[in-house]
Amino acid sequence: MHGFTDVDRHPDPNSWVAVLDRLTEEPFYQAYQQRVRELLHPAPGRHYLEVGAGTGASAAKLEDDHDVSVATLDYAQTMSTAMRARGLTQCAVADAHRLPFLSFSFDGAWADRTVQHLANPYAAIKEIIRVVRPGGRVVLADPDYDTQVLDIADQGLARRVLRFRADALLRNGTLAHQHAGLLAAHGLVDITVEPRTLLVRNPTAVDNVLGLRSWAATAAQRGTLDPTEARAFEDQFDDAVTARRFTYAVTFFLTAATVNGNATTR
């Protein structure tokens, strides 16, 4: 599983803090996270929850920009420590599948790049809805790796490596386009879906395109790809960079909705 599934057990857990810090500096991430916060319809004095808050950068930004209070939750003690270093004080270390909050505790809640890593995303989404009051907002943001494209010479090989990323390197790498349906099934209303496409032409950007060049080698280590194919992928990756044709893209789905009194999690 991806390193974000259990940061604390990683040999170098603080390396994942560094990954998030690097991504937070990327213009694409700054822009879509700003939109996620807008979709909460934040109002002064209200109380919000971020599930899977990572380093807490977005939670701190919401507090600073809108005069609200934000509780944060992450499975990793490493991330909680990073959040407190940012000045956040309501930091819980807990499981997203069993939120340690009473029902109707928050005016809104969001999960950004969290659902893709969870063992049971359906249970976690139900929990997020449970803790939001009627009239409050729920926002889910994740990339959907079914939308990936990569320009290298062998498009068949590219698709196989991208498929490995979608199906093997993430628990729920292709669920984001279903978030709207899941929220609708729980009785939420005013559902909107906004796509945001991450387009990368510089292979050193976005934390080296999320480690894209290494995916083929990982697939070979796991027996999904022949080692010669993995080397061919790396060669073609490098050729695309040299020829200035390198292009990778994946679409994020920002899904927002309003909780009503008839939501089925009650």
Side-chain angles (χ1 to χ4, degrees), residues 1-24 29 33 36-37 40 47-63 69-103 105-106 108-132 138-145 165-176 178-179 182-183 207 210-211 252-255 265:
M1 287 294 100
H2 195 283
F4 278 122
T5 60
D6 197 345
V7 169
D8 288 340
R9 293 182 63 186
H10 192 271
D12 183 11
N14 284 318
S15 67
W16 294 103
V17 174
V19 167
L20 291 181
D21 285 343
R22 287 194 296 271
L23 292 180
T24 299
Y29 286 79
Q33 289 177 341
V36 166
R37 294 189 293 271
L40 288 165
H47 192 36
Y48 297 89
L49 170 69
E50 183 175 10
V51 177
T55 63
S58 191
K61 184 72 171 165
L62 186 69
E63 284 194 337
S69 64
V70 180
T72 57
L73 179 142
D74 202 279
Y75 189 66
Q77 180 63 54
T78 302
M79 293 301 175
S80 180
T81 300
M83 290 182 229
R84 293 185 184 279
R86 291 185 184 274
L88 295 166
T89 59
Q90 303 175 64
C91 308
V93 178
D95 188 340
H97 304 89
R98 294 179 293 278
L99 298 179
F101 306 109
L102 297 175
S103 298
S105 294
F106 299 97
W110 81 102
D112 175 16
R113 288 172 293 148
T114 296
V115 174
Q116 62 181 335
H117 298 300
L118 299 177
N120 188 338
Y122 310 102
I125 290 171
K126 187 175 181 179
E127 275 289 274
I128 292 171
I129 297 168
R130 177 184 66 79
V131 301
V132 175
V138 170
V139 184
L140 306 175
D142 260 324
D144 193 312
Y145 286 96
R165 169 66 170 181
D167 295 341
L169 291 183
L170 293 157
R171 282 172 165 163
N172 313 294
T174 62
L175 188 66
Q178 299 179 52
H179 288 172
L182 294 172
L183 295 180
D207 199 31
L210 311 175
F252 287 49
F253 290 85
L254 281 51
T255 306
T265 58

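Position 1 is the first residue of the sequence; numbering continues from there.
Taking every heavy atom of both residues into account, A166 and T174 meet most closely at CB-CG2, 3.9 Å. Summarising the geometry of V132 relative to I128, their closest heavy-atom pair is CG2-O, 3.3 Å, with the distance given to 0.1 Å. Across L88 and G56, no two heavy atoms sit closer than the pair CD1-O, 3.5 Å. Across all their heavy atoms, A119 and H97 have their closest contact at N-NE2, 3.6 Å. Closest approach of P13 to T78, counting heavy atoms only: CB-OG1, 3.5 Å.
A donor-acceptor pair under 3.5 Å is formed between the side chain of T24 and the backbone N or O of L20. In terms of modelled atom types and a separation under 3.5 Å, the side chain of R98 and the main chain of E127 share no donor-acceptor contact. A donor-acceptor pair is defined here as one N or O able to donate and one able to accept, closer than 3.5 Å; no such pair exists between the side chain of R171 and the backbone of Q116. When atom types are taken as modelled, the side chain of N172 and the backbone of L118 share a donor-acceptor pair closer than 3.5 angstrom. T114 contributes no side-chain N or O that, together with a main-chain N or O of A111, makes up a donor-acceptor pair within less than 3.5 Å.
Under the side-chain hydrogen bond (donor to acceptor under 3.5 Å, both in side chains) criterion, Y145 pairs with R165, sequence neighbours left out. A search for salt bridge (charged side-chain N to carboxylate O under 4.0 Å, His left out) contacts involving R22 returns D207, not counting sequence neighbours. Under the salt bridge (charged side-chain N to carboxylate O under 4.0 Å, His left out) criterion, D167 pairs with R163, sequence neighbours left out. With sequence neighbours excluded, the residues satisfying side-chain hydrogen bond (donor to acceptor under 3.5 Å, both in side chains) with S58 are R37. Partners of Q33 under the side-chain hydrogen bond (donor to acceptor under 3.5 Å, both in side chains) rule, at least two apart in sequence or in another chain, are D112. Under the side chain to side chain contact (heavy atoms under 4.5 Å, CB included) criterion, S80 pairs with Q77, R84, C91, V93, not counting sequence neighbours. Under the ring-ring contact (aromatic ring centres under 6.0 Å, His included) criterion, H47 pairs with F106, sequence neighbours left out. In this structure, the side chain to side chain contact (heavy atoms under 4.5 Å, CB included) partners of A176, at least two apart in sequence or on a different chain, are D142, D144, H179, F253. Listed by chain and number, the residues in a side-chain hydrogen bond (donor to acceptor under 3.5 Å, both in side chains) with T72 amount to none (sequence neighbours excluded). Among residues two or more places apart in sequence or in another chain, the side chain to side chain contact (heavy atoms under 4.5 Å, CB included) test is passed with A85 by none.
Side chains of I129 and K126 form no contact here, defined as non-hydrogen atoms less than 4.5 Å apart. Counting heavy atoms from C-beta on, the side chains of M83 and D74 come closer than 4.5 Å. Residues P121 and L175 form a side-chain contact, since some pair of their non-hydrogen atoms from C-beta on lies under 4.5 Å apart. Taking the side chain as every heavy atom from C-beta outward, R113 and F252 approach each other to under 4.5 Å. Looking at heavy atoms from C-beta onward, L73 lies in side-chain contact with F101 at the 4.5 angstrom threshold.
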(message) side chain to side chain contact (heavy atoms under 4.5 Å, CB included) for V51 and L99? Distances and angles first, verdict last.
(response) CA-CA 9 Å; V51 177; L99 298 179; 4.3 Å; yes
(request) Output, in order, the C-alpha distance, side-chain angles, deciding distance and verdict of side chain to side chain contact (heavy atoms under 4.5 Å, CB included) for W110 and V70. (result) CA-CA 11 Å; W110 81 102; V70 180; 3.9 Å; yes
(request) Begin with the C-alpha distance, continue with both residues' side-chain angles, and end with the deciding distance and a verdict on side chain to side chain contact (heavy atoms under 4.5 Å, CB included) for V131 and L102. (result) CA-CA 6 Å; V131 301; L102 297 175; over 6 Å; no
(request) Show your reasoning for whether side chain to side chain contact (heavy atoms under 4.5 Å, CB included) applies to I125 and L140. (result) CA-CA 9 Å; I125 290 171; L140 306 175; 3.9 Å; yes
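Rounding to the nearest 0.5 angstrom, the gap separating the CE atom in M79 from the CH2 atom in W16 is 8.5 Å. In this structure, CG on L40 lies 9.0 Å from CD on E50, to the nearest 0.5 angstrom.
Shown here is Y48, whose OH atom has more than 12 heavy atoms of other residues, nucleotides or ligands within 6.0 Å.
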